[in-house]
Each structure stands twice: as C-alpha cells, then as structure tokens.
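In this chain, numbering begins with 1 at the start of the sequence shown. When a ligand or atom number is given, it counts from 1 through the structure's own listing order. Note: hydrogens, waters and symmetry copies are ignored here, and every other heavy atom, side chains too, is used. Nothing here was measured: the structure is a model prediction, and the numbers come from that model.
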Amino acid sequence: MEKYDVFVIGTGIAGQTAAKICCENGLKVAICDNREFGGVCANRGCDPKKVLIQFSELLDYSRHLKGLGIEKLPKINWKAIQKLKSKFTSKVPESTEKNLTQLGIDIYHQSPEFIDKNTISVEGKKITASYFVIASGRVPRTLHIKGEKHLKLSDDILNLEKLPKTATFIGSGYVGMEFACMLNTLGTKVTIIEKGPKALKAFDDYLVNLLVKKLKKDGINFIFNADVSRVERLTKNYRLHYSENGEHKALKSRQVFNTAGRVPSTDVLQLQNADIEASSKGVDVNEFMQSTSQSHVYACGDVSSASLPLTPLSGLQGYIAANNIIKAKSKTFSYPLVPSTVFTSPNLSSVGLSEADAKSRYKSVKIYQGDATDWYNARKQNAKIYAYKILVNERTDEILGAHLLSTESNECINILSMAITQKMTTAQFKKQIFTYPSYTNDLKAMLKKED
Ligand SMILES: Cc1cc2nc3c(=O)[nH]c(=O)nc-3n(C[C@H](O)[C@H](O)[C@H](O)COP(=O)(O)OP(=O)(O)OC[C@H]3O[C@@H](n4cnc5c(N)ncnc54)[C@H](O)[C@@H]3O)c2cc1C
Ligand SMILES: NC(=O)c1ccc[n+]([C@@H]2O[C@H](COP(=O)([O-])OP(=O)(O)OC[C@H]3O[C@@H](n4cnc5c(N)ncnc54)[C@H](O)[C@@H]3O)[C@@H](O)[C@H]2O)c1
C-alpha cells in the first residue's frame, strides 16, 4: 500500500498550488485528475475563452466604426482562430504533468474513491495519506430533462469546428452571456432562455438592463421566466420545449447549450465513506479551508463551500490550505474583495457592495450613477453603451462598491478594487493623476455628479 503525507484531488489552480507548496516544504505528495491535467481555467475556461472572445470584441469594435474610417469589416476565419486557441491549450496537460513530476510529486490519472477516513483507491491501488486536499472544482449542472444527452456544454462551445447558424443557450449567467454574445457577434442567430426574471442576477440591475438592451439590438433573443422541459433531435436541428407563463412553447436551433450553472464535483469521490460533509455549495470548510467534519481533510477552490468560483480565489484557497497543512491554523481565508468581469461586448464588471447591500449596511449611501455614452472615450469609438454606478458611504466618503459597463471595465475595475481595499475616499481618489485620455481617468469624472 502506497503512503503519502498529502494526497491532492484535482490539478486546477487550487490543487496545483496546494500540491506544490506541500512538496516544497518536504512533504511526500501525490495528485490526481480524472481529466487532462491543468484544470478548467487553462484547458477549458478563462484562457481559451478569452483567445476566442478577443475576435468577437474586435468585430464588435470594427462594426461601431464602419463607415467612419473602416470600409470593410474583418473577415473571421474560425478554423484559424481555433488553431490559435489550441496553441494555448494543447501544451497545458503535458507541461503541468512534467512540472509536477519534476518537483517529485506522484501523479495519478483517475478519480479516487474514499474507502475510509485515511484510505482511497485509485488506479486499482489502495493509498493512505495523512492529509487529503479536495480541489476537484465544479462541473456543469445536470438539468434532468428528457433529451439531456443532446445538450452541449461550454467545453463544446470552445471546441466548435464551425459556427452554428442558430444556437440556444439555457441560462444567462457568466458562461451563457459570454458565449452567446461571442457567437451572436460572429454571425450565429442566438436565443438565451433563462428560468429567472433577469440575466446575470448577481450584477447591478441598472447596468444589466442596459447591457441586455444593447444585446437585443445586436440581435440576441432573450426569453425570461421560462421552464425548459425537453430537447428533441430533428434532422439538422434540435427543438427545445419550454413553458412560459404556463404556456407550452418550442424553439428550433442547430445547437442547444446547457449554460445553467456549475455544481461542486464531489459525486464520485464517495465522501460518505470518510464521513466528509458536503452540500450543494461544496465541501463544508472553516476559515482554514479545513473540512468542518474531518480535520485532516482540506478543500479549496471551486469545490469548497467558501468559494466564489473564480480563478484568483482558487489559487488563494490552495495556498491557504497548504500552509495550514504545513503549520496548523497558520493562515485564514477571510473573503477578500474580489473584482469580476463578464466578458460580453461591452464588458460588465463589478467589485465590492451592490446597491442593496450598501444600503442595508450603511445609513446613508451616495449613488454616483450615469450613462456616459456621450463622453469622449465612448464617442471616439462610437460605442453603443457606456455606463457606471459607484456607491459611496456618505458619512466617511469611502467607496463601497463599483459597477462598470464599458469595453475597458475589465481593467478599470481593478483600480477601483484597489481604492476600496485601501479605504480611499472619493476626495483622495479624485486627487490621483491618471493618463489622459483613458477610461481610468473617467473614473474621477464619475465621482463628480451624484445621481
Ligand atoms: C467556460 C468558463 C469560463 C470561465 N472564465 C473565467 C474567467 O474569465 N475568470 C475567472 O476568474 N474564472 C473563470 N471561470 C471559472 C474558473 O475557471 C474556475 O473558478 C477555476 O478554474 C477553478 O479552479 P479550481 O482549481 O478550483 O478548479 P478546476 O480548475 O475546476 O480544477 C479541478 C480539477 O479537478 C478535476 N476533477 C474533478 N473531479 C474529479 C475527480 N472526481 N477526481 C479527480 N479529479 C477531478 C477536474 O478535471 C479539474 O482538472 C470560468 C469557468 C468556465 C467553465
Ligand atoms: N468571466 C468570469 O469571471 C467567469 C466566466 C465564466 C464562469 N465564471 C464562474 O463560473 C461560475 C459558473 O458560471 P455559469 O454561467 O455556469 O453559472 P451562473 O450561476 O453564473 O449562471 C447560471 C444561470 O443559469 C440559470 N439557470 C439555472 N437553471 C436553469 C434552467 N433549468 N433553465 C434556465 N436557466 C437556468 C440561472 O438562473 C443562472 O442565471 C460563475 O459563478 C463564475 O464564478 C466566471
């Protein structure tokens, strides 16, 4: 029977970070994955997605300037784009394995199953470890509808051989909105069907409404409050059945994508054999990223109950878990401020408190909100929408939350994130000198006029 100090499940950013730190500190470490090594972000998430999306962004940008200096729109070569994307993804599994092995970490290519609290079985072997790190991430939610097997997933979108003429997306969260926007810009006729009353429910209503309005003008069909029930295969197309206000409806498209969210990947691990508690939120952990039920088990990244499933947090949680294995309770996870961006055209970005949360926590909240479409930066690129909402504590003048909708919001939001972390007042922020002309410089102007 093989024996390790630490056995890590999952080779994404969380698992790799934890494994490397444990190994560098002299522990005997093994790591496993039931898919290609390297995790979602590098293989089938953030990185390949942005390689593809930069082309739809470029096309959207060019469309705005057509007739104003651009005569012909760029012609998209999807095959070449896929080739470019593969240059980023194809080497990830091999280089990840090589890197881990060179450090002296043993690797396994299968999902393990817990046999008891200290024993797992993997690749037909029984293995014991003093500590386990569960870093198995999330997988697409199953919808439990008839014909589910016909639904394609985000992996399939990233690997599309050709752009479909028509496509339906079930779910209008990050994944659905980003890919729907990309395909629509590249020429696919897109419908988004959402069970709730709005898209991107975690984001600011004012900005989401403006984004949805822009995307509708671009040709995306949105259906809200819909209950999907069945997918049917036709000769060339698929028909999705759903009900809206109790009325049965159906729509036909070449592809139907399930973008209805992701759930913790714990199904096959047999956690119950080791009495490790997990819920629909993931493996239950405390502030040390330690399982609340088994002190020798840690969970980090998307699979942990403390996750907000974004890459930067997964790395941080992997770091915390490993450090606590090396020295018990030496590091705590205390929900840092996390900026995030939905990579639609334009980008929707957010950091800190929402308007509702700010108002419930603070007595008096100033709201700096506006449509900046007629400001210089948007006008020069003939952008269709540019808007913002920044929330400020009236008593202290500190910035509490920021929400931006613009082509550059994915970068600008980081400036506001730093300002909030540093507890900057708007007076201090406005004293900063930024480059001109720049979207960053506009942030100061946003804080001038209260809504
Ligand atoms: C399409 C898409 C786009 C995204 N874009 C962004 C973005 O732009 N920015 C951002 O911050 N985040 C983005 N995310 C989220 C981001 O990818 C995740 O938050 C991040 O990858 C999580 O890292 P992790 O290490 O926790 O888990 P993962 O990267 O999911 O790694 C978990 C690993 O565990 C393996 N595994 C799962 N189950 C088992 C098992 N039973 N046994 C063995 N191994 C197992 C998996 O194969 C995987 O390799 C995106 C996600 C998707 C799906
Ligand atoms: N740019 C980024 O940072 C980025 C990009 C992609 C994913 N992510 C991360 O991955 C996570 C998962 O993203 P996601 O888009 O898969 O999930 P999500 O939770 O953001 O969105 C899922 C959407 O599907 C809807 N839905 C659920 N069941 C449905 C049903 N039966 N019919 C119709 N609609 C249904 C939900 O109401 C929701 O609007 C995100 O929370 C985010 O943290 C981040």
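- Considering backbone and side-chain N/O of Val268, none are found under 3.5 Å from N/O of ligand 1.
- Not one N or O of Pro112 is nearer than 3.5 Å to an N or O of ligand 1, by distance alone.
- Residue contacts with ligand 1, taken as heavy atom pairs separated by less than 4.0 Å, do not involve Gln16 at all.
- At least one N or O atom of Asp33 sits closer than 3.5 Å to an N or O atom of ligand 1.
- Of the candidates Lys50, Lys49, His109, the one placing a heavy atom closest to atom 7 (C) of ligand 1 is Lys49.
- The cationic group of Lys28 lies under 6.0 Å from the six-membered ring centre of Tyr4 and within 45° of the ring axis, placing it in a cation-pi geometry.
- At a 3.5 angstrom cut-off on N or O pairs, Val303 does not count as close to ligand 1.
- No N or O atom of Glu178 sits closer than 3.5 Å to an N or O atom of ligand 1.
- Summarising the contacts of atom 42 (N) of ligand 1 with Pro140, Ser136, Gly176, Ser111, the nearest heavy atom is found in Ser111.
- In this structure, atom 36 (N) of ligand 1 lies nearest to the protein heavy atom Asn34 OD1, 3.5 Å.
- For ligand 2, the protein residues within 4.0 angstrom (heavy atoms only) are Lys49, Leu143, Ile170, Gly171, Ser172, Gly173, Tyr174, Val175, Glu178, Ile193, Glu194, Lys195, Lys201, Thr259, Ala260, Gly261, Arg262, Pro309, Leu310, Thr341, Phe343.
- Remark: among candidates Asp155, Asp302, Val139, the nearest residue to atom 26 (O) of ligand 1 is Asp302, based on non-hydrogen atoms.
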Would you list the atom pairs, donor with acceptor, under 3.5 Å between side chains in residues 210-224 and any protein atom, with sequence neighbours excluded?
unit_1, atom_1, unit_2, atom_2, d
Lys214, NZ, Asp60, OD1, 3.3
Lys214, NZ, Asp60, OD2, 3.3
Lys214, NZ, Asp218, OD2, 2.7
Lys214, NZ, Ser345, O, 3.0
Asn221, ND2, Thr191, OG1, 3.3

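- Residue Cys41 touches ligand 1 through backbone and side chain together, judged by heavy-atom distances below 4.0 Å.
- Comparing Ala14, Ser304, Gly45, Cys32 by heavy-atom distance to atom 2 (C) of ligand 1, the nearest is Gly45.
- Contacts between Ala135 and ligand 1 below 4.0 angstrom, taking non-hydrogen atoms only, involve the backbone exclusively.
- Residue contacts with ligand 1 for Phe343 involve side-chain atoms from C-beta outward but no N, CA, C or O (heavy atoms, distance under 4.0 Å).
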Identify each donor-acceptor pair in which a side-chain atom of residues 92-102 lies under 3.5 Å from a protein atom, sequence neighbours left out, and give them as a table.
unit_1, atom_1, unit_2, atom_2, d
Ser95, OG, Lys91, O, 3.0
Ser95, OG, Val92, O, 3.2
Thr96, OG1, Val92, O, 2.6
Glu97, OE1, His109, NE2, 3.4
Glu97, OE2, His109, NE2, 2.9
Asn99, OD1, Lys20, NZ, 3.0
Thr101, OG1, Glu97, O, 2.3

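- Residues that satisfy the side chain to side chain donor-acceptor pair (under 3.5 Å) test with Asn286, not counting sequence neighbours, are Gln290.
- Residues Glu57 and Lys50 are paired through a salt bridge, judged by an N-O separation under 4.0 Å between the basic side chain and the carboxylate.
- For the 3.5 Å distance criterion, the side chains of Ser349 and Ser409 qualify, holding a donor opposite an acceptor.
- Of all the heavy atoms of Ile9, the ones lying under 4.0 Å from any atom of ligand 1 belong exclusively to the side chain.
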